[in-house]
There are 2 protein chains.
Amino acid sequence: MTTTGAREDRVFAALANATRREVLRLLRDEGPQPVQALADHFDMRRPSLSEHLKVLREAGLVSEERSGRQRIYQLEAQPLAEVQDWLHPYERFWRDRLKGLSDLLDRMPDDGET
Amino acid sequence: MTTTGAREDRVFAALANATRREVLRLLRDEGPQPVQALADHFDMRRPSLSEHLKVLREAGLVSEERSGRQRIYQLEAQPLAEVQDWLHPYERFWRDRLKGLSDLLDRMPDDGET
DNA sequence: ACGATAGGTAGGAGATTCCCTACGCGTCAA
DNA sequence: TTGACGCGTAGGGAATCTCCTACCTATCGT
């Protein structure tokens, strides 16, 4: 119904690469940009960056808008909102855990396992 | 400074697989379990699942605790908290954007793309 | 029309992923 | 001790990833 898992696969896989995460950061911090401006930040040939942009596009994380002979890329944050939704059911876990842990450590000084 | 990106690579890569995400969900919803109990949920040989567990371990997403000849796996949510932290600077983006979008959709009923 | 510029696509090399079948190691029950 | 059980590791094969060097199309300036 809502998820085959395939969509999330794409988003997470897109995020599993430092270059692509840096592209997202650049688009977030510096706004929409053409490919060349992005490419200047990387030690990589432009066609390789083009493929990273393709991965990001197919994950829905960026969109392109043609402007003359340039392609202006823009951040599309919706898939990231979905990641946050996915994360949500785990939230109580690290809350409970960290809170309970510090609590525990506070009141039982005997434990000390490896 | 704080990140080479290598750690985040591992976490995102670990999450970029439906089997591994399902393992995390099982550990979250059903609590700590030995490998065999997890394996029962998948159409996959046990050694393959073992490798998925290894990936999750190396990403810090699960921990194992030996109990006799069993290995009890447990969810470790801290890397997910780090993912949420990573997500945070993007949050304002989808807030702004979705608000503007629903606004737009509300007042232009003509759209109808393929 | 011509050359330069912006950027995507083709195809290939090397690494990595994801599954498999063997097999090895430690633990429990007899 | 012998065997069965729980689980990891070795090694291999097909697919995918990530980079590269060509090369192609479209647009701009002259």
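A, B, ... follow the sequence lines: proteins, then strands. Residue 1 opens every chain.
Between the side chain of A/R45 and the base of D/dC20, no donor-acceptor pair under 3.5 Å is found. With hydrogens and angles ignored, a donor-acceptor pair under 3.5 angstrom links the side chain of A/R46 to the base of C/dG8.
Taking every heavy atom of both residues into account, A/R20 and A/A13 meet most closely at NH2-O, 3.1 Å.
Using a 4.0 Å cut-off between charged side-chain N and carboxylate O, A/E64 and A/R66 make a salt bridge.
Per the geometry, CG belonging to A/D40 stands 10 Å off P belonging to C/dG7, to the nearest Å. Between B/E58 atom CD and D/dG8 atom P there is a gap of 12 Å when expressed in whole angstrom units. Note: CZ (B/R10) to P (C/dT16) measures 11 Å, nearest angstrom. If you measure from atom CZ of B/R57 to atom P of D/dC7, you get 12 Å, rounded to the nearest angstrom. Nucleotide C/dC25 holds its C1' atom 16 Å from the CD atom of B/Q70, rounded to whole Å. Taking atom CG of B/L49 as the reference point, atom P of C/dC18 lies 13 Å away to the nearest angstrom. Going from atom CZ of B/R69 over to atom P of C/dT27 covers 11 Å, rounded to whole Å. Here D/dC7 presents its C1' atom at 15 Å from CD of B/Q33, a figure rounded to the nearest Å.
A single hydrophobic cluster is seen to contain both B/L53 and B/F42, as judged by linkage of ILVMFWY side chains at heavy-atom distances under 4.5 Å, directly or through other members.
Comparing B/E51 and A/A13 along DNA chain D, the residue whose closest nucleotide (by nearest heavy atom) sits nearer the 5' end is B/E51. Comparing A/M44 and A/P47 along DNA chain D, the residue whose closest nucleotide (by nearest heavy atom) sits nearer the 5' end is A/M44.
Distances shorter than 4.0 Å separate none of the side-chain N or O atoms of B/H52 from OP1 or OP2 on C/dT17. Between A/S48 and D/dC20 there is a side-chain N or O to OP1 or OP2 distance below 4.0 Å. A close approach under 4.0 Å does occur between a side-chain nitrogen or oxygen of B/Y73 and OP1 or OP2 of D/dG8. In terms of phosphate contacts, A/N17 brings no side-chain nitrogen or oxygen within less than 4.0 Å of OP1 or OP2 of D/dC17.
Screening B/R57, B/Q33, B/E65 against B/Y73 for a side-chain hydrogen bond (donor to acceptor under 3.5 Å, both in side chains) leaves a single residue, B/R57.
In the set D/dC7, C/dT5, D/dC5, the nucleotide with an atom closest to the side chain of B/R71 is D/dC7. If you check D/dG8, D/dC20, C/dC20 against the side chain of B/E64, the one that comes closest is D/dG8. When distances are taken from the side chain of A/P34 to each of D/dC7, C/dT5, C/dG7, the shortest belongs to C/dG7.
Across all strands shown, B/F42 has no heavy atoms under 4.0 Å from either base or sugar-phosphate atoms. Backbone-only engagement by B/R20 is indicated by non-hydrogen atom pairs under 4.0 Å involving sugar-phosphate atoms exclusively.
For the pair B/R28 and A/F93, the NZ or CZ position fails the cation-pi test of under 6.0 Å to the six-membered ring centre and within 45 degrees of the ring normal.
Here OG1 of A/T19 is found 11.5 Å from CG of A/L38. Values are rounded to the nearest 0.5 Å.
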